[in-house]
Amino acid sequence: MNYVILGAGPAGVTAAETLRQHDRNARITLIGGEPEKAPYSRMAIPYLLDGRIGEKGTHLRQVDSHYKDHGIDYMVGRAGGIDAQGKKLFLDGNRVQPYDKLLLATGASPIIPRMEGANSEGVHTCWTLADAREILKHADRGAEVVLVGAGFIGCIVLEALHMRGCKLTVVELAPRMVARMMDETAGGMLTRWCREHGVKVFTGTKVEMILPGSGTGSSRHMVHLSNGQAVPAKLVVLAAGVRSNIGYLTGSGVDVKTGILVNEYLQTSAPDIYAAGDCCEGVDLSTGKPDMLAIQPVAVEHGRIAAQNMAGKRTPHRGSLNMNVLDTMGLISSSFGNWQGAEGGETSKAIDEGKFKYIKLNFAGDRMIGAQCVGLTDHVGMLRGLIQTGFRLGSWRAKLMKEPERLREAYVAVAQNAPRTGPTAPHVKVPIPA
Ligand SMILES: Cc1cc2nc3c(=O)[nH]c(=O)nc-3n(C[C@H](O)[C@H](O)[C@H](O)COP(=O)(O)OP(=O)(O)OC[C@H]3O[C@@H](n4cnc5c(N)ncnc54)[C@H](O)[C@@H]3O)c2cc1C
């Protein structure tokens, strides 16, 4: 069996290792799209930026010979197209890579907002190791930095740049920070916290253009905002969302929407082609609907399950839990599952604005389906556990409705007694090729 894995992020690496566990004799080729010595984790980039690790620390596996030791051929190449009938992958224009079974694990790429100056020197996304190297050239202590976007990734980058001692201005188009992760109360708290810690934050504001060369001193750029203000910047970091890498699939017969469509076995519409991670729309456990959940645990889970199916061990994907945890200058915020709440469901909350503490729990019947917290760290594991397992809360639902802070007691009572009744998500119907 000749397995080819396109994409050497967490989804691809996990898949390659899982395939090896299930098939000792197969040929396994892992292809990364960036000219790097070893597969790495984007999630580690902030730690590289704040100086806690060096480049090697970003590598997904720390032993240099790991891939060789496991009989995995790691190579670099960019896919330009696929002949799904002839089972061939076209790399770098003219290289042909045949396969018996193929995994697409090509991840996502940052969206570059359309604006003048977005491609100037000193304006970068923060997605790849190459981006991190560029950012490190400019982001020194005291450097004026404009961060465009305050979503989950934007806030992670904010933390790293703050730790480097940069003077930060954050510009967010949405009316609040982390708008796709938390509600107005939590987003407002985060904004207030950032401002109190010396970060300028503009929400509901657009960057109109970046004018290179019009700044002063080392801040070469002027960043013009829709509120009429102009902010000097040595560095502009763009973190305005991501989209799945699927462009190379045009005409391949692999069905896509915003990401690659997969069935419950993470199989695409084309024969012997599977997909995993940020490039695909796997099922979101909370909604039962396909969605792109761009977090590393989901990529790893997809990679493992897709590989098991490729190796003939039929394993359905029941859905992944959407989960985001942020540390913003010491303030921990988190959201899980259906944090917006379900139609007809119930919500309980407790808030202490002064102390930056907030908890909100969402229920459907006597199950917890989503939650968000600010300033509460010891609940993270329990919230995840209750939501992911779908434990029935019984009489604890009413108690939590009154006092959401009693989560620990509820967890202990419920998790010890209840049978596992995890939600089974309905799956998208993508026909499984013969
Ligand atoms: C700065 C930053 C911080 C983050 N922090 C967190 C965090 O704290 N927690 C969390 O859960 N997630 C975090 N994430 C998100 C997480 O990194 C992604 O969800 C995860 O990397 C997805 O894994 P993946 O394997 O699907 O894709 P990726 O890691 O993106 O890997 C995709 C692979 O495909 C390759 N590729 C792409 N196109 C092609 C092509 N045409 N041909 C060949 N190869 C191609 C790429 O080179 C790469 O090797 C962070 C991301 C960033 C950028």
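Side-chain atoms of D92 come within 3.5 Å of backbone N or O of R78 as a donor-acceptor pair. A donor-acceptor pair is defined here as one N or O able to donate and one able to accept, closer than 3.5 Å; no such pair exists between the side chain of Q340 and the backbone of G370. Between the side chain of Q267 and the backbone N or O of Y274, no donor-acceptor pair lies under 3.5 Å. Without hydrogens or angle criteria, H302 side chain to G277 main chain gives a donor-acceptor distance under 3.5 Å. Distance alone, capped at 3.5 Å, is enough to place a donor-acceptor pair between the D100 side chain and the N2 backbone. Judged purely by atom type and a 3.5 angstrom limit, S320 has no side-chain atom pairing as donor or acceptor with the backbone of D284. Looking only at distances, no side-chain donor or acceptor of R318 sits under 3.5 Å from a matching main-chain atom of L285. Panel note: side chain Q372, backbone W339; a donor-acceptor pair is recorded below 3.5 Å. Side-chain atoms of W193 come within 3.5 Å of backbone N or O of T328 as a donor-acceptor pair. Within the 3.5 Å criterion, the main-chain N or O of R392 finds no donor-acceptor partner in the side chain of R367.
In this structure, the side chains of L19 and M310 come closer than 4.5 Å at one or more pairs of heavy atoms. Counting only heavy atoms from C-beta outward, the side chains of L361 and K349 never approach each other to under 4.5 Å. Using a 4.5 Å heavy-atom threshold, the side chains of V157 and E159 count as separate. L136 has its side chain within reach of R164: a pair of non-hydrogen atoms, C-beta onward, lies under 4.5 Å apart. At a threshold of 4.5 Å between non-hydrogen side-chain atoms, the residues V380 and D378 do not count as touching. Within the 4.5 Å cutoff, the side chain of T29 has no heavy atoms near those of the I5 side chain. Between V178 and S333 there is no side-chain heavy-atom pair separated by less than 4.5 Å. Between L30 and M75 the shortest side-chain heavy-atom distance does not fall below 4.5 Å.
Electrostatic pairing of R304 and E17 does not count as a salt bridge here, judged by no charged N lying under 4.0 Å from a carboxylate O. At a threshold of 4.0 Å, the pair R408-E403 does not count as salt-bridged, since none of the basic side-chain nitrogens sits closer than that to a carboxylate oxygen. Note on D183 versus R176: no salt bridge recorded, every NZ/NE/NH1/NH2 to OD/OE distance being 4.0 Å or above. A salt bridge is absent between K399 and E405; no separation between the charged side-chain nitrogens and carboxylate oxygens falls under 4.0 Å. Here E409 pairs with R406 in a salt bridge; the nearest charged N to carboxylate O distance falls below 4.0 Å. For the pair K289 and D291, the salt-bridge criterion is not met [side-chain N within less than 4.0 Å of a carboxylate O].
For Q97 against L91, the heavy-atom pair with the smallest separation is CB-CD1, 4.0 Å. Minimum interatomic distance between G77 and I31 (heavy atoms only, all atoms of both residues): O-CG2, 3.5 Å. Here the shortest heavy-atom pairing between P10 and A299 reads CB-CB, 4.4 Å. Closest approach of V170 and G149 over heavy atoms only: CG1-O, 4.4 Å. In terms of heavy-atom proximity, W127 sits nearest to S109 at NE1-CA, 4.1 Å. Shown here for V201 and C194, the closest heavy-atom pair between the two residues is CG2-CB, 3.8 Å.
The neighbour count for Y47 OH, taken as heavy atoms of other residues, nucleotides or ligands under 6.0 Å away, does not exceed 12. Heavy-atom contacts from other residues, nucleotides or ligands closer than 6.0 Å to CG of N119 number 12 or fewer. Counting heavy-atom neighbours within 6.0 Å of R180 CZ, excluding the residue itself, gives a total of 12 or less. Within 6.0 Å of CZ in R27 there are 12 or fewer heavy atoms belonging to other residues, nucleotides or ligands. In this structure, K167 places its NZ atom where only 12 or fewer heavy-atom neighbours from other residues, nucleotides or ligands lie under 6.0 Å away. The 12-atom threshold is not exceeded at NZ of K37, counting heavy atoms of other residues, nucleotides or ligands nearer than 6.0 Å.
Between the side chains of T106 and Y248, at least one donor N or O lies within less than 3.5 Å of an accepting N or O. Checking Q308 against Y265 by side-chain atom types alone, no donor-acceptor pair falls below 3.5 Å.
Figure legend: cation-pi geometry between R192 and F356, with NZ or CZ positioned under 6.0 Å from the six-membered ring centre and within 45° of its axis.
Separation of atoms CG (N309) and OG1 (T315) is listed at 5.0 Å; rounding is to 0.5 Å. A distance of 14.0 Å separates CG in L102 from NZ in K88, rounded to the nearest 0.5 Å. With rounding to the nearest 0.5 angstrom, the CD atom of E34 is 8.5 Å from the CG atom of D131. Taken to the nearest 0.5 Å, the CZ atom of F363 stands 4.5 Å off from the OG atom of S348. One distance of note links CZ of F152 with CG of N322; it measures 9.0 Å at 0.5 Å rounding. The line from CG of D23 to NZ of K313 is 14.0 Å long, rounded to the nearest 0.5 Å.
Checked options V4, L89, N245, I273; the residue passing with L104 is I273 (criterion: side-chain contact (heavy atoms from CB on, under 4.5 Å)).
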Salt bridge (charged side-chain N to carboxylate O under 4.0 Å, His left out) between E184 and K360, worked out: CA-CA 12 Å; E184 292 78 7; K360 181 170 174 184; over 6 Å; no

Pair L249-I260, side chain to side chain contact (heavy atoms under 4.5 Å, CB included): steps then yes or no: CA-CA 9 Å; L249 292 171; I260 300 166; 3.6 Å; yes

E172 and K200: CA distance, side-chain angles, deciding distance, salt bridge (charged side-chain N to carboxylate O under 4.0 Å, His left out) verdict: CA-CA 11 Å; E172 168 58 57; K200 277 193 199 144; over 6 Å; no

L326/I332 under side chain to side chain contact (heavy atoms under 4.5 Å, CB included): CA gap, chis, key distance, verdict: CA-CA 6 Å; L326 279 177; I332 309 293; over 6 Å; no

Derivation and outcome, ring-ring contact (aromatic ring centres under 6.0 Å, His included), residues H162 and H197: CA-CA 10 Å; H162 174 78; H197 285 76; 7.2 Å; no

Steps toward side chain to side chain contact (heavy atoms under 4.5 Å, CB included) verdict (E36, T128): CA-CA 10 Å; E36 300 296 345; T128 60; over 6 Å; no

N338 vs F336, side chain to side chain contact (heavy atoms under 4.5 Å, CB included): CA-CA, chis, key distance, verdict: CA-CA 6 Å; N338 194 340; F336 305 84; over 6 Å; no

Worked verdict on H66 versus H59 for ring-ring contact (aromatic ring centres under 6.0 Å, His included): CA-CA 11 Å; H66 176 81; H59 292 176; over 10 Å; no

